[in-house]
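One structure follows; several queries about it will come next.
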Amino acid sequence: AGREEVNTNIVSLTRFLTEEQSKVKEATGDFTLLCHALQFAFKSIAYYIRRASLINLNGLAGSSNTTGDDQKKLDVIGNDLFIAAMRGSGKCRMLVSEEEEKLITFFDSSPNARYAVACDPIDGSSNIDAGVSVGTIFSIIKLADNAKGSAEDLLMPGTELVASGFTMYGASAQLVITMKGGSVNGFTLDTSLGEFILTHPDMRIPRTRSIYSVNEGNSKYWEEPVKEYIESLKYPKDGGKPYSARYIGSMVADAYRTLLYGGIFAYPADKKTVKGKLRILYECAPMAMVFENAGGKAVNSKMQRMLEVVPEHIHDRSGIFLGSADEVQKVIDIHKKHG
Ligand code: AHG
Ligand code: MN
Ligand code: MN
Ligand code: MN
């Protein structure tokens, strides 16, 4: 290939983080080092997920977690890899994981660390034995100077997150990350280089798209406004074309498609799961931050801005509508009609 075909100006995640750090004059480099530990966790989880069926890592671990989910072997491995990477970074003081009932504190190894991380080590794990794309979701919190080192330090609205994102382990490993008030950037893991390469700079979600993503198996339990909203997509009153249904059942995969194509993802609170199923700290808030920074919207089942919802405990749940600004607005308008 001639010079014009070969892209020699490759932006790796490492270079991206260095450039981001140079924009923050009081930066100490701690956040950058924390992100390097995060990317190592994603690379190691990707490695084990790709080999799971070869080394008998599919199936159940035989335990369940505090939110009542049966733990898959990969839930436990992903959790252990993530904890080790965060502890080893020396930059993380506390860690919330879906797979850990209690908050993990790294007082012994990093008492002065100023960041806390909340994570869903393997999201979509119920599908993992079927080879469906799963992912890791994370939120990064910068602790206040007077942080006590307990869970209360983390029970804050998503607007306070300094960064969030996810890695989807699909055909390739896709990392999407955003900083507070910043843009959304997507990276693809180049396994031969062992580097995440910037492939989707400044991701913007389309304002509208006729795709909806919800588990219709819960229709029986939905509140009236939700039923009316979904019906309006399937039987459009204005005689327009009905929406397409796309539901993978793995939030990271459904969210990544929605971010790229547009549309709406919904996991409403309903009569069966009154608080909703998805967890605020490591599913709803990080995803809401990514979508808002990409020009989208995210609200809970009370039509409150998702990023303003304060979790009552580290595994607190919420209903969520997440996606293109105009699609989420349709949900809000229908709920307003119901008063
Ligand atoms: P996790 O695998 O981390 O427990 O999360 C599962 C979540 C989320 O990934 C997905 O959107 C949702 O559960 C699917 O729930 P249903 O199977 O009830 O549709
Ligand atoms: Mn789970
Ligand atoms: Mn999850
Ligand atoms: Mn999970």
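Just so you know, these numbers use all the heavy atoms, side chains as well, and skip hydrogens, waters and symmetry mates. FYI, the numbering just counts along the sequence from 1. In listed order, ligands and their atoms are each counted from 1. Keep in mind that what you see is a predicted model, and the values were worked out from it rather than measured.
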Residues in salt bridge (Lys or Arg N to Asp or Glu O under 4.0 Å) with E292, at least two apart?
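If we apply the salt bridge (Lys or Arg N to Asp or Glu O under 4.0 Å) test to E292, skipping adjacent residues, the hits are R305.
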
Would you call the rings of Y243 and Y212 parallel, tilted or perpendicular, where under 30° means parallel and over 60° means perpendicular?
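Geometry flag for Y212 against Y243: tilted rings.
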
The test is ring pair (Phe, Tyr, Trp, His ring centres under 6.0 Å); show your working for F265 and F321 and say whether it passes.
CA-CA 6 Å; F265 169 83; F321 296 87; 9.4 Å; no

Atom OH of residue position Y261 - does it have more than 12 heavy atoms of other residues, nucleotides or ligands inside 6.0 Å?
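At most 12 heavy atoms, drawn from other residues, nucleotides or ligands, come within 6.0 Å of this atom.
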
Which N, O or S atom name in E283 marks its closest approach to the Mn ion (ligand 3)?
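The closest N, O or S atom of E283 to the Mn ion (ligand 3) is OE2.
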
With a cut-off of 2.8 Å, which protein N/O/S atoms are close to the Mn ion (ligand 4), if we only count those under it?
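Short answer, with waters excluded from the count: E98 OE1, D120 OD1, I122 O.
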
May I ask you to check whether over 12 heavy atoms, not counting those of K241, lie within 6.0 Å of atom NZ?
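Incorrect, the count does not exceed 12.
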
Is the number of heavy atoms from other residues, nucleotides or ligands within 6.0 Å of CG (D238) greater than 12?
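Atom CG in D238 is crowded, with more than 12 foreign heavy atoms closer than 6.0 Å.
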
